[in-house]
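Everything on this sheet refers to the single structure shown next.
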Amino acid sequence: MLKGVSDFFNQTTLDERKIYSKRSPLDKIRWELNSYTGENREYLKVVAHPQYHLPSKPSGFRKNLEEYGKDMRRVVIGLARAVSKTLGFEEQFIEKALELKSGFDVMAMNLYPPNAKSKGAVGLSEHTDPGFIISLVQDVNGGLQILSHKGNWINSYIPYHTILIQLGDQLEILTNGMYKSHIHRVIVGRNKVQRISVVGVHGPSLDKLISPSTLFVDDEHPKKYREMTYKESLVVNGDDEVDVHSSLEKARLV
Ligand SMILES: O=C(O)CCC(=O)C(=O)O
Ligand SMILES: [Fe+2]
């Protein structure tokens, strides 16, 4: 799958990729190249569920990604059940609360240049991701940092053939802040070679209203987030659904 993504970036011309630049807020495929001090990243984001949208070139790319997407959905449902059980609730708790069966998934394929070709040290500035959970695979190690609860940046080490799972905004909202959406960033300052990551943002159904579950709210733990559909939360800052940008700050009540 990573080879397919690498072929997309390395075996197509810039003009072939530019076809997927922003055309409309309803785009299902979005490409962008950012090269400035705040961001050094080329990316392709595609809607992956309920329906998969993928460029037809290069050959093999589509098939590999579809297969990975299908397998990841099984992992996501499995994790939803495991987390529900860990919380002491019925197995279907998260699946139902987020309507994951018709969940909105986006796959972001990111290419970061080697440091010799980047403008500054930042690949992607600090942010959280929307959704229930976020899956991440990469071709070479280096760059992704996660903010610890003590406020230190931790370099992530992801062993080869491993999928890193991060928590997303809607899990934080559903649990009224018990689980925190991970703050992370990408640093390219020491990267000798280019790095590719494939990030799956696995979210609720677009029309599902997401708010803190009553199971997490009581006199000692007042409601910390306002209610919004997943779609509203994705577009409230003027972004498009396919951009999958966080709006957690807008949802916060306290
Ligand atoms: O490339 C990475 O390691 C992280 C990318 C990321 O955070 C994102 O696409 O939201
Ligand atoms: Fe992210």
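Counting convention: from 1, in listed order, for ligands and their atoms alike.
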- Message: So Phe8 and Pro58, do their side chains get closer than 4.5 Å, heavy atoms only?
- Response: yes

Do Met109 and Leu65 make a side-chain contact, defined as non-hydrogen atoms from C-beta onward lying under 4.5 Å apart? yes

Of Val106, Val244, Val137, Leu124, the one whose closest heavy atom lies nearest atom 8 (C) of ligand 1 is Leu124

Of Ser197, Gly123, Gly200, Pro130, the one whose closest heavy atom lies nearest atom 1 (O) of ligand 1 is Ser197

Check your understanding: Taking the side chain from Asp27 and the backbone from Arg23, do they hold a donor-acceptor pair closer than 3.5 Å?
Key -> yes

Using a strict 4.0 Å cut-off to heavy atoms of [X], name the atoms of ligand 1 that fall inside it.
X	value
Asp129	10 (O)
Arg195	1 (O), 2 (C), 3 (O)
Arg41	9 (O)
Val186	1 (O), 2 (C), 3 (O), 4 (C)
Leu136	2 (C), 3 (O), 4 (C)
Tyr112	1 (O), 2 (C), 4 (C), 5 (C)

Quiz item: Does the side chain to side chain contact (heavy atoms under 4.5 Å, CB included) test come out yes or no for Lys22 and Arg30, once each step is laid out?
Solution: CA-CA 6 Å; Lys22 176 163 176 149; Arg30 177 70 53 81; 3.6 Å; yes

Any protein N, O or S atom under 2.8 Å from the Fe ion (ligand 2)? Found His127 NE2, Asp129 OD1, Asp129 OD2, His184 NE2

Does atom [atom1] of [X] have more than 12 heavy-atom neighbours, drawn from other residues, nucleotides or ligands, at distances under 6.0 Å?
X	atom1	result
Tyr160	OH	no
Ile183	CD1	no
Arg190	CZ	no

Atom 9 (O) of ligand 1 has as its nearest protein heavy atom Asn110 ND2, 3.2 Å

Check whether the side chains of Gln194 and Asn191 place a donor and an acceptor atom closer than 3.5 Å, and report yes or no. no

Quiz item: Any side-chain donor paired with an acceptor under 3.5 Å for Asp129 and His184?
Solution: yes

Requested in this report: Please lay out, stage by stage, how Asn237 and Ser247 fare under the test side-chain hydrogen bond (donor to acceptor under 3.5 Å, both in side chains).
Outcome: CA-CA 7 Å; Asn237 283 328; Ser247 62; 5.0 Å; no

